[in-house]
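Everything on this sheet refers to the single structure shown next.
First listed ligand is number 1; within each ligand, the first listed atom is number 1.
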Amino acid sequence: MTDEREPPDSKLTRSKQRWASEGKFLTGQHAQRTQQRLPPGQHLVNNWPVLDLGLQPDIPRERWRFDVYGSVEQPLSWNWTEFLAQSQSDFVTDIHCVTTWSRYDNRWQGVATRDLLDACMPHDQAQFVALHSYDGYTTNLPLEDFAAPDALLAHSWNGAPLTEEHGGPMRLVVPHLYFWKSAKWLKAIEFVHTDQLGYWEVRGYHRRGNPWAEERYSVD
Ligand SMILES: Nc1nc2c(c(=O)[nH]1)N[C@H]1C(S)=C(S)[C@@H](COP(=O)(O)O)O[C@H]1N2
Ligand SMILES: [Mo]
């Protein structure tokens, strides 16, 4: 995937790249999401750490736009008012970051990905989504994961608008995958026929990222 802006190279970004080659944090365990709330190798935190490439874009709501394109019947382009006019959902879910912290019971409000899919109607061949963010970040997801019943395009967290450092005005939240798949400052969703690796996926991170199977790093 190519994006206009090349994100900066921070110390944490370099460490995370090294951890992928070393297989750091891997416990070798495999758990069932239904039987074990905390995935293997994770620990609980009460705060909410900020993780990104170090470039936090400031997008005023009046200039914000969100596009859906690629292999869909109905491409979409929403401004902030149009986004808020969509059917709204409210989910309480957990966060699992690949750097090993997890945070329980986050209350999100926004547009369920299921409702977005009803609106854009992906073609049958569209089996993956490529996410593009305002900071130049990209990530990829199988359509099936994107369509999870508790995944959403979130504008609020615990009753207040999502802060800029956590991805406001709007971010994706896909609770059952590691949090790097939940793109902050989401700008566009592209529906594609073949998987396109994103920022972390080309740097050694897993193409799917299921925490209960410890899909931290890429195997190919
Ligand atoms: N646009 C964008 N989204 C991103 C990132 C990023 O650098 N840019 N980092 C990812 C990573 S690695 C994590 S762990 C989470 C962190 O979200 P938080 O800062 O709200 O905790 O955002 C993910 N989404
Ligand atoms: Mo992360």
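Looking only at protein heavy atoms, the nearest one to atom 8 (N) of ligand 1 is Asp135 OD2, 2.8 Å. Scanning the protein for heavy atoms near atom 9 (N) of ligand 1, the closest one is Leu51 O, 3.4 Å. Closest protein heavy atom to atom 22 (O) of ligand 1: Arg171 NH2, 3.4 Å. Protein heavy atom closest to atom 13 (C) of ligand 1, with residue, atom name and distance, is Phe179 O, 3.8 Å. When hydrogens are left out, the protein atom nearest atom 24 (N) of ligand 1 is Ser182 O, 3.1 Å; that is the closest non-hydrogen contact.
For Ser133 (side chain) and Asp135 (main-chain N/O), no donor-acceptor pair under 3.5 Å exists by modelled atom type.
Within ligand 1, counting atoms from 1 as listed, the ones closer than 4.0 Å to a heavy atom of Trp185 are 1 (N), 2 (C), 8 (N). For ligand 1 and Trp48, the ligand atoms under 4.0 Å from any heavy atom of the residue are 18 (P), 20 (O), 21 (O). Atoms of ligand 1 lying under 4.0 Å from any heavy atom of Cys97, numbered from 1 in the order shown and given with element: 14 (S). Listed by number with element, the atoms of ligand 1 under 4.0 Å from a non-hydrogen atom of Lys16 are 12 (S). Close contacts of ligand 1 with Pro49, meaning ligand atoms under 4.0 Å from a residue heavy atom, involve 18 (P), 19 (O), 21 (O). Interface of Ser133 with ligand 1, defined as ligand atoms under 4.0 Å from a residue heavy atom, comprises 1 (N). Distances below 4.0 Å separate heavy atoms of Leu53 from the following atoms of ligand 1: 7 (O). Short contacts between ligand 1 and Ala183, defined as distances under 4.0 Å to a heavy atom of the residue, involve ligand atoms 3 (N), 24 (N).
By the 4.0 Å N-to-carboxylate-O rule, Asp52 lies too far from Arg171 to be salt-bridged with it. Using a cut-off of 4.0 Å between Lys/Arg side-chain N and Asp/Glu carboxylate O, Asp94 and Arg103 are scored as not salt-bridged.
For ligand 1, the polar-atom distance check against Val50 finds no nitrogen or oxygen pair separated by under 3.5 Å. On a distance-only criterion, His166 and ligand 1 share at least one N/O pair closer than 3.5 Å. Checked by distance only, ligand 1 and Lys184 come closer than 3.5 Å through their nitrogen or oxygen atoms.
At a heavy-atom cutoff of 4.0 Å, ligand 1 is contacted by both the backbone and the side chain of Trp180. Using a 4.0 Å cut-off between heavy atoms, Asp52 contacts ligand 1 through both its backbone and its side chain.
Side-chain atoms of Asn210 and His176 include no donor-acceptor pair closer than 3.5 Å. With 3.5 Å as the limit, one finds a donor-acceptor pair spanning the side chains of Glu201 and Trp180. With 3.5 Å as the limit, one finds a donor-acceptor pair spanning the side chains of His132 and Glu190. In summary, the side chains of Trp157 and Asn106 do present a donor paired with an acceptor at a separation below 3.5 Å, with no hydrogens or angles considered. Using a 3.5 Å distance cut-off with no hydrogens or angles, the side chains of Thr93 and Asp150 do not pair a donor with an acceptor.
Aromatic ring orientation, His96 versus Trp212: perpendicular (interplanar angle above 60°, classes split at 30° and 60°).
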Show, in sequence, the C-alpha distance, side-chain angles and deciding distance for Trp108 and His155, and conclude whether the ring pair (Phe, Tyr, Trp, His ring centres under 6.0 Å) test is met. CA-CA 8 Å; Trp108 309 100; His155 56 68; over 10 Å; no

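Between His166 and Trp48, the ring centre distance stays below 6.0 Å.
At a 4.0 Å cut-off, at least one heavy atom of Trp101 sits close enough to ligand 1 to count as contact.
Figure legend: cation-pi geometry between Arg107 and Phe91 absent, as NZ or CZ is not positioned both under 6.0 Å from the six-membered ring centre and within 45° of its axis.
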